[in-house]
Visitor: 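First, the structure itself, so that you have it in front of you.
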Amino acid sequence: QVQLVESGGGLVQPGGSLRLSCATSGFTLNYYAIGWFRQAPGKEREGVSCFTSIDGSTYYADSVKGRFTISRDNAKNTVYLQMNSLKPEDTAVYYCAARAVETPRRLCTSGDPPNYWGQGTQVTVSS
């Protein structure tokens, strides 16, 4: 059974940091692009950062470049999103998603549905 389970969300003050985790199981992550998406109330879902193990390439949305870092722990089949210098506009539900044999840019920006989604974790940036 395929599972993507996010954790690590919460309430943080502007300028603070959070690390989101996406624990995967039931599929071979090496053959997938995987990434983080977010959706704020009243806004469209946005691809934040995506990654593939095939060549190690990454994609970051302009709004998070220099602040967010995507990484993977191979032993744990877990993907992380380190979020620094958080802003109120980063407030959203963050989802982990994966699609087979895909580039990070296309996963994050094409709008084509991923093969798998997680259930989401809430991130709130507020003083």
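Note that the coordinates shown come from a computational prediction; the quantities given were computed from them, not determined experimentally. By convention here, the first residue in the shown sequence is residue 1. As a basis for the values below, the full set of heavy atoms in this structure was taken, side chains included, without hydrogen atoms, waters or symmetry mates.
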Visitor: Hey, quick one: are V64 and Y59 part of the same hydrophobic cluster, counting side-chain heavy atoms closer than 4.5 Å, chains of contacts allowed?
Guide: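 No, it is not one cluster - the side chains of V64 and Y59 are not joined through contacts under 4.5 Å.
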Visitor: For residues T103 and D55, determine if any side-chain heavy atom of one lies less than 4.5 Å from a side-chain heavy atom of the other.
Guide: no
Visitor: Under 4.5 Å between side-chain heavy atoms, hopping through other hydrophobics if needed: is there a path connecting V125 to M83?
Guide: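 Same cluster.
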Visitor: Taking all non-hydrogen atoms of both residues into account, name the closest pair between S49 and C108 and its distance.
Guide: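 Answer, listing the atom of S49 first, then C108: C-SG, 3.4 Å.
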Visitor: Give the minimum heavy-atom separation between G9 and V123, together with the two atoms involved.
Guide: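 Smallest interatomic distance, heavy atoms only, reads CA-CG2, 4.1 Å.
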Visitor: Before you tell me yes or no, could you show the steps for S110 and R99 under side chain to side chain donor-acceptor pair (under 3.5 Å), namely the whole-Å CA-CA distance, both residues' side-chain angles and the distance that decides it to 0.1 Å?
Guide: CA-CA 12 Å; S110 71; R99 188 159 72 228; 3.2 Å; yes
Visitor: Between CG of L81 and SG of C22, what distance do you get to the nearest 0.5 Å?
Guide: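 The SG atom of C22 is 10.5 Å from CG of L81, to the nearest 0.5 Å.
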Visitor: Between Q122 and T91, is any pair of side-chain heavy atoms under 4.5 Å apart?
Guide: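 Side chain of Q122 against side chain of T91, heavy atoms only: contact under 4.5 Å found.
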Visitor: So which atom in A40 and which in A92 form the shortest heavy-atom distance, rounded to 0.1 Å?
Guide: N-CB, 3.8 Å
Visitor: With a 4.5 Å cut-off on side-chain heavy-atom distances among I, L, V, M, F, W and Y, is there a chain of contacts connecting L29 to V2?
Guide: yes
Visitor: Would you say the side chains of N30 and T28 form a donor-acceptor pair under 3.5 Å?
Guide: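 Result is no, nothing qualifies.
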Visitor: Which pair of non-hydrogen atoms, one from V93 and one from G120, has the smallest distance, and what is that distance?
Guide: CG1-CA, 3.9 Å
Visitor: With side chain to side chain contact (heavy atoms under 4.5 Å, CB included) as the test, would you mind laying out the steps for L86 and Q13 before giving the verdict?
Guide: CA-CA 8 Å; L86 283 161; Q13 292 187 342; over 6 Å; no
Visitor: If you define the side chain from C-beta out and look only at heavy atoms, does anything of L18 sit under 4.5 Å from Y94?
Guide: no
Visitor: Does any non-hydrogen side-chain atom of T24 lie less than 4.5 Å from one of I34?
Guide: yes
Visitor: Donor-acceptor pair, Q39 side chain versus K43 backbone, under 3.5 Å?
Guide: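 Side chain of Q39 to backbone of K43, a donor-acceptor pair under 3.5 Å: yes, one is there.
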Visitor: For E46 and S63, test the side chains for any donor-to-acceptor distance below 3.5 angstrom and give the result as yes or no.
Guide: yes
Visitor: Applying the 4.5 Å side-chain criterion to the ILVMFWY set and letting contacts propagate, would V79 and F27 be lumped into a single cluster?
Guide: yes
Visitor: Counting C-beta onward and ignoring hydrogens, is there a side-chain heavy-atom pair between T58 and C50 closer than 4.5 Å?
Guide: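 SC-SC contact between T58 and C50 ruled out.
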Visitor: Which atom names give the shortest non-hydrogen contact between L107 and A97, and what distance separates them?
Guide: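 Shortest heavy-atom contact: CD2-O, 4.1 Å.
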Visitor: Taking the side chain as everything from C-beta on, heavy atoms only, tell me whether C96 gets closer than 4.5 Å to Q119.
Guide: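 Side chain of C96 against side chain of Q119, heavy atoms only: no contact under 4.5 Å found.
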Visitor: Check the pair Y32 / Y116 against ring-ring contact (aromatic ring centres under 6.0 Å, His included), numbers first and verdict last.
Guide: CA-CA 10 Å; Y32 285 74; Y116 309 120; 5.8 Å; yes
Visitor: Verify whether one side chain among D73 and T78 offers a donor that lies under 3.5 Å from an acceptor in the other.
Guide: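 No donor-acceptor contact under 3.5 Å links the two side chains.
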Visitor: Give the C-alpha distance, both sets of side-chain angles, the deciding distance and a yes or no for side chain to side chain contact (heavy atoms under 4.5 Å, CB included) between T121 and L20.
Guide: CA-CA 8 Å; T121 186; L20 305 183; 4.0 Å; yes
Visitor: Are there over 12 heavy-atom neighbours, none belonging to R67, within less than 6.0 Å of that residue's CZ?
Guide: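 Buried by this count: over 12 neighbours within 6.0 Å.
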Visitor: Are Y60 and T69 side-chain neighbours, meaning at least one heavy-atom pair lies under 4.5 Å?
Guide: yes
Visitor: Counting C-beta onward and ignoring hydrogens, is there a side-chain heavy-atom pair between E6 and L4 closer than 4.5 Å?
Guide: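 No, side chains not in contact.
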Visitor: Pair W117, F37 - check side chain to side chain contact (heavy atoms under 4.5 Å, CB included), show working.
Guide: CA-CA 10 Å; W117 283 103; F37 295 74; 3.9 Å; yes
Visitor: Taking all non-hydrogen atoms of both residues into account, name the closest pair between S17 and S85 and its distance.
Guide: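 The answer is OG-N, 4.3 Å.
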Visitor: Quick one: is the NZ or CZ of R19 closer than 6.0 Å to the six-membered ring centre of Y80, and within 45° of its axis?
Guide: yes
Visitor: After noting the C-alpha distance and the side-chain angles of F68 and W36, does the key distance pass the ring-ring contact (aromatic ring centres under 6.0 Å, His included) rule?
Guide: CA-CA 11 Å; F68 290 11; W36 292 93; 10.0 Å; no
Visitor: Please determine whether a side-chain nitrogen of the Lys or Arg among K87 and D90 lies less than 4.0 Å from a carboxylate oxygen of the Asp or Glu.
Guide: no
